[in-house]
Amino acid sequence: MKSQDIRSKFLGFFKEKKHSIVPSAPMVLKDDPTLMFVNSGMAPFKEYFLGNAKPKNNRVADSQKCLRVSGKHNDLEEVGYDTYHHTLFEMLGNWSFGDYFKKEAIAWAWELLVDVYGIDKDILYVTVFEGSDDADKLPMDTEAYDFWKQYISEDRILTGNKKDNFWEMGDQGPCGPCSEIHVDIRSAEEKAKVDGKDLVNMDHPQVVEIWNLVFMQYNRKANGSLENLPEKHIDTGMGFERLCMVLQGVQSNYDTDVFTPIIREIETITNKNYGKDETTDIAIRVISDHVRAVAFSIADGQLPSNTGAGYVIRRILRRAVRYGFTFLDKKEPFIYRLVDVLSSKMGEAFPELIAQKQLIENVIKEEEQSFLRTLDQGLILLNRIVDETKGDTVSGEKAFELYDTYGFPIDLTALILSEKGLKLDEKGFDEQLQKQKNRSRAASEMSTDDWTILNDDAVEEFVGYDTLEANVKLTKYRKVSSKKDGDMYQLVFNLTPFYPEGGGQVGDKGYLEDAHGDVVYILDTKKENNVIIHFAKNLPKHLNETFKAVVDAKQRYRTECNHTATHLLHQALREVLGDHVEQKGSAVHSKYLRFDFSHFSKLTAEQLRDVENFVNSRIEGKLPLIEKRNIAKEEALADGAMSLFGEKYGDTVRSVRFGQSIELCGGTHVKNTADIWHFKIISEGAVAAGIRRIEAITNDAVKDYYSENNRAYFEMKELLNNAKEPVKALQNLQEENASLKKEIEALLKAKAKNIKAELKNELQEINGIRFLAKKLDLDAAGLKDVAFELGSQFDNLFLLFATEQNGKALLSCYISKELVASKGLNAGQVVRELGKFIQGGGGGQPFFATAGGKKPDGIDEALAEATGFIK
Ligand code: SER
């Protein structure tokens, strides 16, 4: 059975059981501080499990893209070494939100596997939770046991401990016992040797878990205790790639049609065969896995970067490059070439791969290029470290510097050192790494109390589209403490006018006031799993009273100007540059807006002007805001609304329209484009391959910008003696400056020539070496010039020149190549040692090196010590 059919059979089966089939949510999570990526099928539905929102249908099924590369569930380092773990994988899941429970979940799982897919029941094992003796004191899941008994013989029902049979999504939140379904796909001979039962959950590549049925019935609180959930839920997750392995009769996920086309392509590009040598195979598996993770992330709008989720993606890609570089001999970019086959094989199920193909290829290629440059640079630095190493061990500190500052991978360092017969002080490296981890952990350490509930029934309502003030009641609060922010209180109300950060727009600030005149400032507002959370330094004094909640109107208004301008900018870019322009990120602040979009070249001055004019014409057109709330997504799309890749839309959406600009958007906007007053682009540049960024301002910020520019203009004009034509006057100055520079250069050259002529006569003969150590009145380039000039005329030279420039000292050492070879002299070592006299350091090559320092007084001493090297 082809993988496509396996997926659609699953969805079809649950559709028949009255489940709504939903598309995979984007992998990158935006409003969940506890999780970066969707790491299991249930993550996009957390708000339903937590009771923060109600689903339209309480039965849902899907195939969800998951990424297990950080946090509680992290498989990254295993990937490639075995045949059944992945970074990105698809999780087939069926859910019941307070609807059916264990009985149906078990019956349907069995029916699907055995009757629909035709899996032989004699290769299946199931596990049930055995209970726990620890603080939780949980009973055995006899209920699940009794249901399973109806389908499978009891000797195939195994009990399992908390690690395997109690599923928790994180340190807090919904959890419950689970039943796993395992397959044993070993040969009959293997089975005769060892009973399959003994291999379940033992990391055997052919006895693997394929499906996990979680029976959510508890909530884990911050203090570690469990409470019953008000409603029971089902969360199941089946590893799609593993299921394909079973149904396609192969022994490894990588031998299914999910991976073979990618692997064939890697073989073609690298000229290596899969299945001949374990090291090569690991590298091929790593790359075929990682390209999927990276491509899907980019399609979801998450580009590789230096922080957060982007950094995780960068690390995955770099791991792939490293395996290609080290084990497949690929020293140039090639992973981007796999995107073609990936998108043609998976594009039907995940159309974003086709729509974003070009962008994915460009971004991956540029990342590969830049990391390969890092590797090159790292190799040079590593060689230098090797040259300087006395003894047979490279210090952990040096290796850590290479790893931390230059991004050079430690396993590569170790490999190269061992090829050179050197050892790495791994303990020292680990110590440095641990120190760094402790530093960043201490900085990000945070503790979160449980919620104190004041009103359990209250459903929070956002009223901030229509008003900036409302009378509100506190429904729950909790304290969060971190090193960075100290103690903060998170407050939730029955209703709120405060807009929570989202869709690029910053969260509202403002204050709460009670009848006694006590005021608490709201410093920020964010959304977490669909709950609007207000951040305050203090807790209100009278918790149960009604507060007047007031949003900072000025900040909100400026932000709205920028948000509406962002929509107009989006429209303008598509109009001026073409339909390929897609939003790739935005930040809407009160002071400015930032908009990232796909486009392949720098915008010309003319295009920028056209874009600006387009937006300003819409502002002058006084277009009113026309919004539709709570409409079906299909209705909004039929109106012509733009939706974004990587954005998770709810069952209903809101559309925001100004003239012909229509977007699905939850943000707040001006009532009329005329409110924006004016729009001005202040910068345009690249963020990544094929992604450009525009920063712009509106309203008051434009007025400030123009008045500041005006002030600078008059100041400049004054400096130019109030020239009538200041631009012309400036051009004249520039020309004059350029010709003066040329003159100075010529004079310096002449001076260097004179100096050279004098220096020839000053060369001393010591031990057959022509030696000179002298302070010269030249700059760094002059020192080098003179040294190389003399070098071309004389052999056996040892020169040490020094100069003082702008209060700093500079040494420059030249040693003829024959002296380097015959006497083992090394200019790099000379300047490093003499550098201490000028309180500085440096390096270079054995025949020429320079050092800089902050103590010019030490120059004479340094020069005096130079003879020490040749005597
Ligand atoms: N949440 C469970 C898991 O990830 C089942 O979906 O295994």
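In listed order, ligands and their atoms are each counted from 1. All heavy atoms count here, side chains included; hydrogens, waters and symmetry mates do not. What you see is a predicted model, and the numbers here were worked out from it, not measured in a lab.
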Look at the side chain of Asn165 and the backbone N and O of Cys178, then say whether any donor-acceptor pair between them is shorter than 3.5 Å. yes
Side chains of Ser24 and Gln64, donor plus acceptor under 3.5 Å: yes
Distance filter under 4.0 Å, heavy atoms only, around ligand 1 gives Ser40, Met42, Arg68, Met91, Trp167, Asn212, Val214, Asp235, Thr236, Gly237
Considering only heavy atoms from C-beta outward, does the side chain of Ile262 approach that of Val291 to under 4.5 Å? yes
Salt bridge (Lys or Arg N to Asp or Glu O under 4.0 Å) filter on Lys193, not counting sequence neighbours, yields Glu190
Tell me every residue that passes side chain to side chain donor-acceptor pair (under 3.5 Å) with Lys232, counting only those two or more places apart in sequence or in another chain. none
Residues at least two apart in sequence or cross-chain that pass salt bridge (Lys or Arg N to Asp or Glu O under 4.0 Å) with Lys479, listed by chain then number, are Asp487
